[in-house]
Amino acid sequence: MKGGKLPKRQRLIGLWLLLSGISLLGGALFAAWLDSLYQPQGVARVVLWLGCFSGGGTIFLVGLLLERMLFTPLRHLQVQLARLVANPDAREDYPPEGWLRGLGPDLVRVREAWRGDRQRLATAHAEGARSAARIRQELETLLQVLDTPLLLCDHHRRILLFNQAAEKLFEAHTGLGLGKRLEALLPISSLQDALGKLPADGAPRELLIPCDERWLHMVMRRVPQSNGETLLTLTDATAAWTSEMGARAGLTQHMGPLRRHGASLASAAEALGSVRHARHIDDTLRQRLEAVIDEESRALGNEIENLGRLIEDMQQQGERLVPLWSNDLWQSLNERLGDRSIEVLPIGMPAWFKGDAPALLVMLATLLERLSQHAGTRHFEGEILLGNRRVYLDLIWPGKPLPQRELAAWCEQRLEMLPLSPRVGDLLRQHASDAWSLADGDGQHARLRLPLPAMDRVGAPPSQLPPRPEFHDFGIADLPPPDAELARRSLRALEIVAFDTETTGLELRRGDTVISIGACRIVNGRLLASDTFDARVDPGKPIPPASTAIHGITDSEVAGAPPLPVILPRFRDYIGDAVILAHNAAFDLLALQPTGSGTALDMPVLDTLLLSRALDESLDGHDLDTLAERYDLSFPPGTRHTALGDARVTAELWLALMPRLEARGIETLEQALALQATAFDREDACT
């Protein structure tokens, strides 16, 4: 509503009813006056009263006829045209009716001609599109299977491409995403000078940069014959760097003393050998040489012992020892043993540990073959037990423990399937481990125990996400520079974060607060549905059952979640430099910025409720459900009244409104904000 006035349709209906009422009231008064003046009887009196009411009745009937035969069909036509502008393939719910029924064949012809033109255009570009699709599919497949993290950025340092390896490297980092600046992901102070000096011929430049608590080895190349695009390949060099500065550095330090003591020992031994064959040699000299040999031998022995400890440390800290989830190890082991009819049934609680997965699988498969022959069974149980700084991997079978002599012989077996054919004992030493056999307390089972390095990590690994469809968008390079004036930027060039909240209730000024925040990103006019923010928030109070009945969130689902002061800075980091979008944004912003929140959301705000109201002032219903129906948008099952589900539909609604805004000359952010301001009134401000 504007200026406290009713929308045009309601004003028109009100005027119609007012005129009808005035006419009927005037007719009644006039009929009463004539009846008292002339006092007609019978038919004459009836005709008198009908004649006086005829004016008001005519106005009422004509208005009713116009509403049903003209105004309602016009509103339906407006809805259908709005839907067709947003989506030419939208369904046809409102065929012309009433006095507009004759437009039906013409409207169908226009729609079919429109769709036919689009079909012919699509056919004309089919070959090029097919080729581009094949190249894109091959590129995305390559990106998915490539283990090396890749980033491609334009000359404004905006990310144009990344792959799943990069997504895994920067897991849970809000700075990774299409269109985001590189400095949101990596320390720009370490990169800016190197990026500016890259040669145009694609020659690589290497850099070691800090990132959180890690060191990343980066290789940078300028893409030849491009508009300044740069390809970055990344490697987590933390383990190698630690090794270089740790055990390997210690190994280098020990080489000098080893050579010195060895040379001294050799010289003393040679001198002693000479004096033994000489005559008239003082015993004191012989004793001194023997003392030197004894001292150097002990020093050499100490250095060799220190060297052995360093080698053991290098084996324990080897770069091949990576975090492993025990359930994944058992599954891979059973797949490997499938053709040998040996099966391991995992029991007990799973846990994390460190190990060289390929080598462990080969070694365990070999040990299980030996155990199968020894115990006469092909069915084993596998259990992971937590010890003090160690994790014990146990293989369990019915029977007696292995004799230590037999187990020692097994440790000498070489594993021909691995490089250099190491022995079982070599792999055990690599993991700073050993192997022994013991009997269970029930006296009926025995187990082979292998201690492995433990990890502090708890909880199962996250489920494997499907391949992301938004790995690249080279059109980002054609967008205006990030430092360009935001107000004059075109709507399609905006980076937009659509968000929504769920709360404990609607009385935000009386203590209701946020329990869920969901958001997704629009870049270059495209919804990146997988680039999302979805977080539960602990409200610090019980959720009323009436609210749970709407959004389905219970107290147990937010128990232990971070409070709003912790979540809000993370959400602000996710937004970055984007414009924010919401449906009835005033409510959500009030929910996210209570008094003393400390984190300001001071970027421009677009509101699909106000924009729809400004575009279609004469239409009723601008709530999210009505607009989703109007523009043929759908909520996936179970997503309505969820923060992320509503945010995604809000983003789709914005993309549907954009062609209609552009058709009216609304092409920049400044113009869109001015348009939505015309639909904002005092009632909105009060709520």
Quick check against the 3.5 Å criterion: does Q331 have a side-chain atom that pairs as donor or acceptor with the backbone of D328? no
Give the C-alpha distance, both sets of side-chain angles, the deciding distance and a yes or no for side chain to side chain contact (heavy atoms under 4.5 Å, CB included) between L450 and R390. CA-CA 10 Å; L450 308 176; R390 309 293 284 173; over 6 Å; no
Over all atoms of both residues, closest heavy-atom pair of L592 and L601: CD1-CD1, 3.9 Å
Is the side chain of R414 donor-acceptor paired with the backbone N or O of S421 at a distance under 3.5 Å, no angle test? yes
L386 side chain reached by M349 side chain, heavy atoms, under 4.5 Å: no
Are W410 and L371 close enough, and set up right, to give a side chain to side chain contact (heavy atoms under 4.5 Å, CB included), and what steps lead you there? CA-CA 10 Å; W410 290 8; L371 281 174; 3.8 Å; yes
Please lay out, stage by stage, how E206 and H217 fare under the test side chain to side chain contact (heavy atoms under 4.5 Å, CB included). CA-CA 7 Å; E206 299 186 26; H217 177 254; 2.7 Å; yes
Check whether any side-chain heavy atom of E557 lies under 4.5 Å from a side-chain heavy atom of I515, and answer yes or no. no
So does L329 get a backbone contact from the side chain of S332, meaning a donor-acceptor N/O pair under 3.5 Å? no
Is there side-chain contact between L176 and D531, with heavy atoms separated by less than 4.5 Å? no
For the residue pair F353 and P453, establish whether any side-chain heavy-atom pair is separated by less than 4.5 Å. no
Say you draw a straight line from CH2 of W352 to CG of L452; how long is it, rounded to the nearest 0.5 Å? 14.5 Å
Residue pair D512, T504: steps toward the side chain to side chain donor-acceptor pair (under 3.5 Å) verdict: CA-CA 5 Å; D512 282 324; T504 56; 2.9 Å; yes
Do the side chain of T532 and the main chain of D534 share a donor and acceptor less than 3.5 angstrom apart? no
Whether over 12 other heavy atoms sit under 6.0 Å from D442 CG: yes
Can any side-chain N or O of T650 pair as donor or acceptor with the backbone N or O of D646 at less than 3.5 Å? yes
Within residues 388-408 or reaching into it, pairs that qualify as ring pair (Phe, Tyr, Trp, His ring centres under 6.0 Å) - sequence neighbours excluded: none
Measure from the side-chain N and O atoms of N163 to the backbone N and O of P149, and report whether any donor-acceptor pair falls under 3.5 Å. no
Side-chain contact test, heavy atoms from C-beta onward, threshold under 4.5 Å: evaluate it for W330 versus L393 and give yes or no. yes
Nearest heavy-atom pair of D440 and I396: which atoms, and what distance? OD2-CG2, 4.1 Å
Could you pull out the closest heavy-atom pair between L427 and A359, with the gap in Å? CD1-O, 3.7 Å
Considering only heavy atoms from C-beta outward, does the side chain of M220 approach that of L207 to under 4.5 Å? yes
Can D426 and R423 be counted as an ion pair, charged N to O under 4.0 angstrom? yes
When rounded to the nearest 0.5 Å, the distance separating CZ of R370 from CG of L402 is 10.5 Å
Taking atom NZ as the centre, does K400 end up with more than 12 heavy-atom neighbours from other residues, nucleotides or ligands that are less than 6.0 angstrom away? no
CD (E335) and CG (L361) are apart, to the nearest 0.5 Å, by 9.5 Å
What pair of heavy atoms forms the shortest contact from P563 to V537, and how long is it? C-CG1, 3.8 Å
Distance in Å, R640 CZ paired with F635 CZ, rounded so as to fall on 0.5 Å steps: 4.5 Å
So, taking the atom named CG in L364 and the one named CD in E369, what distance separates them when rounded to the nearest 0.5 Å? 12.0 Å
Shortest non-hydrogen contact between V219 and P204, atoms and distance: CG1-CB, 3.8 Å
Greater than 12 external heavy atoms within 6.0 Å of D555's CG: yes
Taking every non-hydrogen atom, the tightest pair across P350 and N327: CB-OD1, 3.5 Å
Using modelled atom types and a 3.5 Å cut-off, is there a donor and acceptor pairing between side-chain atoms of N334 and backbone atoms of V344? yes
Hey, what's the ring geometry for F571 with Y574, parallel, tilted or perpendicular (30° and 60° as the breaks)? parallel
Check: Q593 side chain, T599 main-chain N or O, donor-acceptor pair, under 3.5 Å: yes
Under 3.5 Å, is there a donor-acceptor pair linking the side chains of H641 and E502? no
Donor-acceptor contact below 3.5 Å, side chain S372 vs main chain L368: no
Look up atom CG in D434 and atom CZ in R429, then write down how far apart they are to the nearest 0.5 Å. 9.5 Å
Could you tell me if the side chain of M455 sits less than 4.5 Å from the side chain of W325, heavy atoms only? no
Any side-chain heavy atom of D588 sitting closer than 4.5 Å to one from D500? yes
Stepwise, does the side chain to side chain contact (heavy atoms under 4.5 Å, CB included) test hold for L152 with F162? CA-CA 7 Å; L152 181 69; F162 64 93; over 6 Å; no
Between R378 and E343, is the closest basic N to carboxylate O distance under 4.0 Å? no
Is the backbone of S433 close enough, under 3.5 Å, to the side chain of H431 for a donor and an acceptor to pair up by distance? no
Residue pairs fulfilling side chain to side chain donor-acceptor pair (under 3.5 Å) with at least one residue in residues 174-184, sequence neighbours excluded: R157-E183, R181-E183
